[in-house]
Each structure stands twice: as structure tokens, then as C-alpha cells.
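What follows is a set of notes on a single structure, which appears directly below.
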Amino acid sequence: MNSFRVKPVAPYSYPLTVHKPAGWSLLTPYEIYEDGILWTATRMDSGQMLGLKLTSLGTIDKPEIHCVVFSEKKMDPKAKLGLIETLTWMLGAREDINGFYALGRRDPLVRALVKDLYGMRDTNRLDLFPMLTLALTLQMAPMKRSYQMMDLLIKKYGSKIVFDKKKIQYWPSPETIAKASVKELEEKCKLGYRAKHLKSIAQSLCKGFPTYIELSRMPPNEAKVKLMELGGIGEYSADIVSPHPGFPLDVWSVKIFSLLLFNKQPEKPRESIPMLKEKAEERWGEWRGYVFTYVLNDLENLSARFNANLRSL
DNA sequence: GCGTCCAGGTCTACC
DNA sequence: GGTAGACCTGGACGC
């Protein structure tokens, strides 16, 4: 067990960052968040599982996070130092988002978002395969069905780690899925046509593919092209998975942004995606990814402001 | 109860 | 290079 403290660049809201209002988990759908404490898990590139316990010791303007890391193997001082760096990066603690907040001075939508979710951050992952799995299960399916596929995959093929009297279930490793049969993935996890894509992605990762951190060090377009080399990963999925901020519009979110920007729903949602992506880049530039995250986590407040039920779209 | 439609995309065949 | 059409599954809907 190792423990250390991370001091993020202010403003930083710990609860809004690690436990987002829209309900998306930080690292695994089975993590536990109680009374401000988050128990979660991740898998290192070596395959080793880590348990994480995060607690806030500060405030939005003077943030501090206490991290306890549980690992099966003892860590040497160099590995521990690397882990502190990695967790700081995962939590988005070094990022200065004052540029995004400055946008709010001239953009009323950003102003509203910042007021509602002051200090919320985008976060990163260590582990690429869960993001690819998530992107695949989101394709061409209502949320309920996506959750069903993710749930079955984690229960049937996932890992679990027990620490601090908590049991956390975690996503399957690429090695496990690479060994599974397509038929079993189709039938046991109800993946349908996505099964062959998931297995082929797992095999590509096992043969050698850039890690999430390596993708983050590539130019954004290069990382996206690399991700799109994987079978079943198109532009939308690459935008979801890429560590670089994108604007992953789909037929659901394009309706929300059309209402927010033009006060009307698109007649042909799928066809209006390229145009809206262009608008987002023009209007918000490098901060468009932040606008995307903030909007999707602020649908309740935005619905009241814009007099439209954005959650039911 | 049964049939039909279609969903938080991607790939392929065809022109 | 542009574009229909197929693709798993299961919930919603109309009858």
C-alpha cells in the first residue's frame, strides 16, 4: 500500500471530477463512491491490477487529493514516483483550464456551464482497452442495451480486486478477450456483430499497439488515424477513445447541440454531424472537448434554462 | 401476443 | 469519392 497527496491546479472540484453528474464512472462501472470517498481500480500496462482509494482534503480553490494505492506487488521508489505522476495526469490535476473559463466572458453557453459545474475536469485513463470496449458497445444501441453488453462482459471476462474491505470489478483485459471465441462473445455477452470487432481489437492490442499514454504524446490527428486502423473503430469511436480533446457527436448528442446552438432539432441528425463539428471548432477551438463534457454533464440545468427537456432526446 | 421498427456507427459493395 | 444496405439485440409501439 502506498499513499501520497496530489495538489491540483485550482479551480478543481473533486466530487464533480471523480463522480460526474451524468453518472459516467471514472474507471469502472463497479467503482464505489460513498461520502466523498472513491474506491476504484485500474490495470497497468504490465497487466497488474491496482486498487485506488481517493479522498478530498481541500476545496475547489485550494484543492488537495489523498490517494491510497493498493497493489499485490511491492513497489520500488522509482515505480512509486512514476505512479504519482501518472495518477496526477489521470486526474487532470496539472491542467490549467482558465482558458476555457475565459471563453465564458464572451460565450453565454460556456458562462452557464462554468457557473453550473465550476471546477469540473476531464480525466484520463491508463488503460486503452476499456475505452475501446465502451466505444464499441455504444455503437448503434440504446443506453440500456449498451449497459447490458458492458455488464455481461465485465461479469463474464473481467477482473476483480479486493482491497480496503471493498471488491471492485474491472473491465476484461485484451489478452482475455483475444482468447475468447467470437461465438461465446456473441451469445454470452450479447455483443451481436460487435463481437468479431472486439476480438480483433483485443488481438491487435496484444500484438502491439500504442498505449493510452503513447497516444496522448502523438499529434491529435495521428492518434486518431492510429485508432481508426482498428476494426470497428470509426471517427465517432476514435473521438471517444482518443486522449486528445475531440467532439464525439452522435445522433443523440447532435440533437442536443442543435437545440443549444440553433434552437431547433436537425431534420436529418446523422447528416448534420459534420456541420456541427465544424461549428464547434470555430466557436470553441481547443476547448470544444471541454464544452462537450460540460454540456453532457449539465443537461438538467440546461433543460431548465433553454426550456427544453434535453434529457429525454 | 405478435410483427415491425429502429437505436448514442461502421464497413463493404457497388456505382 | 459517394452512398445505400447490412449488421445483433431487445425495447417501444401499434394493432
- Task: Apply side-chain contact (heavy atoms from CB on, under 4.5 Å) to A:Asn301 and A:Arg305, showing your working.
- Result: CA-CA 6 Å; A:Asn301 292 317; A:Arg305 276 202 183 87; 4.1 Å; yes
task = I would like to know whether A:Ser173 and A:Thr176 meet side chain to side chain donor-acceptor pair (under 3.5 Å); could you show each step before the answer?
result = CA-CA 5 Å; A:Ser173 68; A:Thr176 310; 2.7 Å; yes
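Between atom CG of residue A:Leu128 and atom CD1 of residue A:Ile213 there is a gap of 11.0 Å, rounded to the nearest 0.5 Å. Going from atom NZ of A:Lys155 over to atom CE of A:Met150 covers 13.0 Å, rounded to the nearest 0.5 Å.
Pairs engaging residues 173-203 of chain A under the ring pair (Phe, Tyr, Trp, His ring centres under 6.0 Å) rule: none recorded [sequence neighbours left out]. Applying the salt bridge (charged side-chain N to carboxylate O under 4.0 Å, His left out) rule to pairs touching residues 165-178 of chain A yields A:Glu34-A:Lys166, sequence neighbours excluded. Residue pairs meeting the ring pair (Phe, Tyr, Trp, His ring centres under 6.0 Å) criterion with at least one partner in residues 132-155 of chain A, sequence neighbours excluded, are absent.
Contacts between residues 138-150 of chain A and DNA chain C, defined by a heavy-atom separation below 4.0 Å, involve A:Met140, A:Arg145, A:Gln148, listed by number. Near DNA chain B, meaning a heavy atom under 4.0 Å from it, residues 278-304 of chain A has no residue at all. Residues from residues 256-274 of chain A with heavy atoms under 4.0 angstrom of DNA chain C: there are none.
The two residues A:Gln48 and A:Lys73 have their closest heavy-atom pair at NE2-N, 3.7 Å.
In the model, A:Trp171 has no side-chain atom that pairs as donor or acceptor with a side-chain atom of A:Asp127 under 3.5 Å. A donor-acceptor contact closer than 3.5 angstrom is absent between the side chains of A:Asn297 and A:Trp24.
Projected onto DNA chain B by closest heavy-atom contact, A:Trp252 and A:His197 fall at different nucleotides, the more 5' of which corresponds to A:Trp252. Sequence order on DNA chain B of the closest nucleotides to A:Lys255 and A:Ile233 puts A:Lys255 first from the 5' end.
Not a single donor-acceptor pair under 3.5 Å links the side chain of A:Arg125 to the backbone N or O of A:Tyr212. For A:Lys199 (side chain) and A:Ala178 (main-chain N/O), a donor-acceptor pair under 3.5 Å exists by modelled atom type. Panel note: side chain A:Arg288, backbone A:Gly285; a donor-acceptor pair is recorded below 3.5 Å. Side chain of A:Thr28 to main chain of A:Gln169: a donor-acceptor pair is present (N/O by atom type, distance under 3.5 Å, no hydrogens or angles).
Taking the C1' atom of each, B:dC5 and C:dG5 are spaced 16 Å apart, rounded to whole Å. Comparing the C1' positions of B:dG8 and C:dT3 gives an interatomic distance of 22 Å, to the nearest angstrom. The separation of C:dG11 from B:dT10, taken at their C1' atoms, amounts to 23 Å, rounded to a whole angstrom.
Chain A approaches DNA chain B over the interval B:dA7 to B:dC11, counting the first and last nucleotide 5' to 3' with an atom under 4.0 Å from its heavy atoms. In the 5' to 3' direction, nucleotides of DNA chain C lying under 4.0 Å from heavy atoms of chain A begin and end at C:dC7 to C:dG10.
With a cut-off of 3.5 Å on both pairing distances, the Watson-Crick and G-U wobble pairs of DNA chain C assemble into stems of 3 or more at B:1-7 with C:9-15, B:9-15 with C:1-7.
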Which pairs of donor and acceptor atoms, one on a side chain in residues 245-254 of chain A, lie under 3.5 Å apart (sequence neighbours left out)?
unit_1   : atom_1 : unit_2   : atom_2 : d
A:Asp250 : OD1    : A:Trp252 : N      : 3.1
A:Asp250 : OD1    : A:Ser253 : N      : 2.8
A:Asp250 : OD1    : A:Ser253 : OG     : 2.9
A:Asp250 : OD2    : A:Tyr236 : OH     : 3.0
A:Trp252 : NE1    : A:Leu313 : O      : 3.4
A:Ser253 : OG     : A:Asp250 : N      : 3.0

Indicate every side-chain donor-acceptor pair of residues 88-103 of chain A with a distance under 3.5 Å to a residue at least two apart or in another chain.
unit_1   : atom_1 : unit_2   : atom_2 : d
A:Thr88  : OG1    : A:Ile84  : O      : 2.6
A:Arg94  : NH1    : A:Glu85  : OE1    : 3.4
A:Glu95  : OE1    : A:Tyr290 : OH     : 3.1
A:Asp96  : OD1    : A:Asn98  : N      : 2.9
A:Asp96  : OD1    : A:Asn98  : ND2    : 2.7
A:Tyr101 : OH     : A:Gly119 : N      : 2.7
A:Tyr101 : OH     : A:Tyr294 : OH     : 2.9

Give every donor-acceptor pair under 3.5 Å between a side-chain atom in residues 58-67 of chain A and any protein atom, sequence neighbours left out.
unit_1  : atom_1 : unit_2  : atom_2 : d
A:Thr59 : OG1    : A:Lys62 : N      : 3.0
A:Glu64 : OE2    : A:Arg5  : NH1    : 3.3

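For CG of A:Asp76, the number of neighbouring non-hydrogen atoms (other residues, nucleotides, ligands) closer than 6.0 Å is greater than 12.
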